[in-house]
Engineer: 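Here it is, the structure in full.
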Amino acid sequence: MKYVILAGGSGERLWPHSRRDFPKQFLCFGDSESLLQKTVKRFYNTAAIEDILVVTNQAYYHLIKSQLDSIDVRLCAQIIIEPERKNTAPAICLAMKYLKEELFVASSETVLVCSSDHILFPEETFLSALVEADQVAKKAVT
């Protein structure tokens, strides 16, 4: 399974904590890890680094790079920068194009697209559901 993490956002939903230049995925709630770091670690602990992609825009690149570097410097190579901000669907299309044309991922591969700013609890339940979802998706393709 490939994991595409969308890390754009306008920073308007959690104002005044979240701002255009520092949206909520970069904020920490209750500990020292941001929502982005928690999202990446959720998959980092169960998948290969090559299976994780983070899609963002140029404005957030350095923030994301810094936060990923604190997890594993190799994650910084997994950042895809949108040519311009165009919301969710174009970001997903860019990631799918990158997976297919740059990483040569088979069209039968399962891809999970998720936001970088969600809190999931209990995380173990979510991850076990992903294993089941992956199996169901692979059966549907064959």
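Note that the structure is a prediction, hence the values are computed from the model and not measured. Numbers here are sequence positions counted from 1.
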Engineer: Can you tell me how far CG of L99 sits from OG of S107, rounded to the nearest 0.5 angstrom?
Structural biologist: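 With rounding to 0.5 Å, OG (S107) is 12.0 Å from CG (L99).
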Engineer: Nearest 0.5 Å please: distance from the OH atom of Y60 over to the CD atom of E82.
Structural biologist: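 So the gap between those two atoms works out to 10.5 Å.
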Engineer: Would you confirm whether Q25, through its side chain, and S34, through its main-chain N or O, come within 3.5 Å as a donor-acceptor pair?
Structural biologist: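 Side chain of Q25 to backbone of S34, a donor-acceptor pair under 3.5 Å: no, none is there.
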Engineer: When hydrophobic residues are tied together by side-chain contacts of less than 4.5 Å, even through go-betweens, does Y61 share a cluster with I80?
Structural biologist: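 No, no single cluster joins them.
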Engineer: Any ion pair linking K138 and D134 (charged N to carboxylate O, less than 4.0 Å)?
Structural biologist: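 Yes, this pair counts.
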Engineer: Going from NE2 on H118 to CD1 on I5, what distance comes out if it is rounded to the nearest 0.5 angstrom?
Structural biologist: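 Atom-to-atom, H118:NE2 and I5:CD1 are 12.0 Å apart.
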Engineer: Hey, mind stepping through I92 and V4 against side-chain contact (heavy atoms from CB on, under 4.5 Å) and telling me if it holds?
Structural biologist: CA-CA 8 Å; I92 294 169; V4 174; 5.7 Å; no
Engineer: Would you kindly confirm whether V73 and I49 end up in one hydrophobic cluster when ILVMFWY residues are joined by side chain heavy atoms under 4.5 Å apart?
Structural biologist: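 V73 does not cluster with I49.
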Engineer: For I52 versus F43, what's the shortest heavy-atom pair and its separation?
Structural biologist: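 Scanning both residues, the minimum pair turns out to be CD1-C, 3.8 Å.
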Engineer: I need the K2 NZ to L53 CG distance, nearest 0.5 Å.
Structural biologist: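 These two atoms lie 8.0 Å from each other.
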Engineer: If you define the side chain from C-beta out and look only at heavy atoms, does anything of S115 sit under 4.5 Å from T88?
Structural biologist: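 No, their side chains stay 4.5 Å or more apart.
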Engineer: Is it true that F126 and V111 fall in one hydrophobic cluster, defined by side-chain heavy atoms closer than 4.5 Å?
Structural biologist: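 Different clusters: F126 never reaches V111 through Ile, Leu, Val, Met, Phe, Trp or Tyr contacts under 4.5 Å.
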Engineer: Mind checking the NZ-CZ spacing from K24 to F29? Nearest 0.5 Å is all I need.
Structural biologist: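 K24 NZ to F29 CZ: 7.5 Å, rounded to 0.5 Å.
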Engineer: Starting at OH of Y3, measure out to CD of E50 and round the result to the nearest 0.5 Å.
Structural biologist: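 So the gap between those two atoms works out to 12.5 Å.
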Engineer: Keeping T39 on the side-chain end and S116 on the backbone end, is there a donor-acceptor pair under 3.5 Å?
Structural biologist: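 Checking the backbone N and O of S116 against the side chain of T39, a donor-acceptor pair under 3.5 Å is found.
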Engineer: Might you work through the side-chain contact (heavy atoms from CB on, under 4.5 Å) test for T110 and M1, ending with a clear yes or no?
Structural biologist: CA-CA 5 Å; T110 308; M1 180 178 282; 3.6 Å; yes
Engineer: Side chain of S66, backbone of L63: donor and acceptor closer than 3.5 Å?
Structural biologist: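 Looks like no, no N/O pair under 3.5 Å.
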Engineer: Tell me whether N45 contacts the main-chain N or O of K41 through its side chain, where contact means a donor paired with an acceptor under 3.5 Å.
Structural biologist: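 Yes; judged by distance alone, with no hydrogens or angles, the pair exists.
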Engineer: Please determine whether residues V40 and L103 belong to a single hydrophobic cluster, defined as Ile, Leu, Val, Met, Phe, Trp and Tyr linked transitively by side-chain heavy-atom distances below 4.5 Å.
Structural biologist: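 Hydrophobic grouping puts V40 apart from L103.
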Engineer: Between the side chain of N87 and the main-chain N/O of P90, is any donor-acceptor distance below 3.5 Å?
Structural biologist: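 No; zero donor-acceptor contacts below 3.5 Å.
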Engineer: L36 and A7: which non-hydrogen atoms are nearest, and at how many Å?
Structural biologist: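 What the structure gives for the nearest pair is CD1-CB, 4.3 Å.
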Engineer: Applying a strict under-4.5 Å side-chain criterion to I, L, V, M, F, W and Y, I'd like to know whether L127 and I71 cluster together.
Structural biologist: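 Yes, it is one cluster - the side chains of L127 and I71 are joined through contacts under 4.5 Å.
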Engineer: Whether the side chain of E33 engages the backbone of K38 through a donor-acceptor N/O pair (distance < 3.5 Å, no angle test) should be reported.
Structural biologist: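 Such a contact is absent between E33 side chain and K38 backbone.
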Engineer: Checking side-chain contact (heavy atoms from CB on, under 4.5 Å) against I64, which of I79, I81, D69 comes through?
Structural biologist: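 For I64, the side-chain contact (heavy atoms from CB on, under 4.5 Å) test succeeds with only one of I79, I81, D69, which is I79.
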Engineer: Test side-chain contact (heavy atoms from CB on, under 4.5 Å) on V113 and L6; report intermediate values, then the result.
Structural biologist: CA-CA 7 Å; V113 178; L6 303 176; 3.7 Å; yes
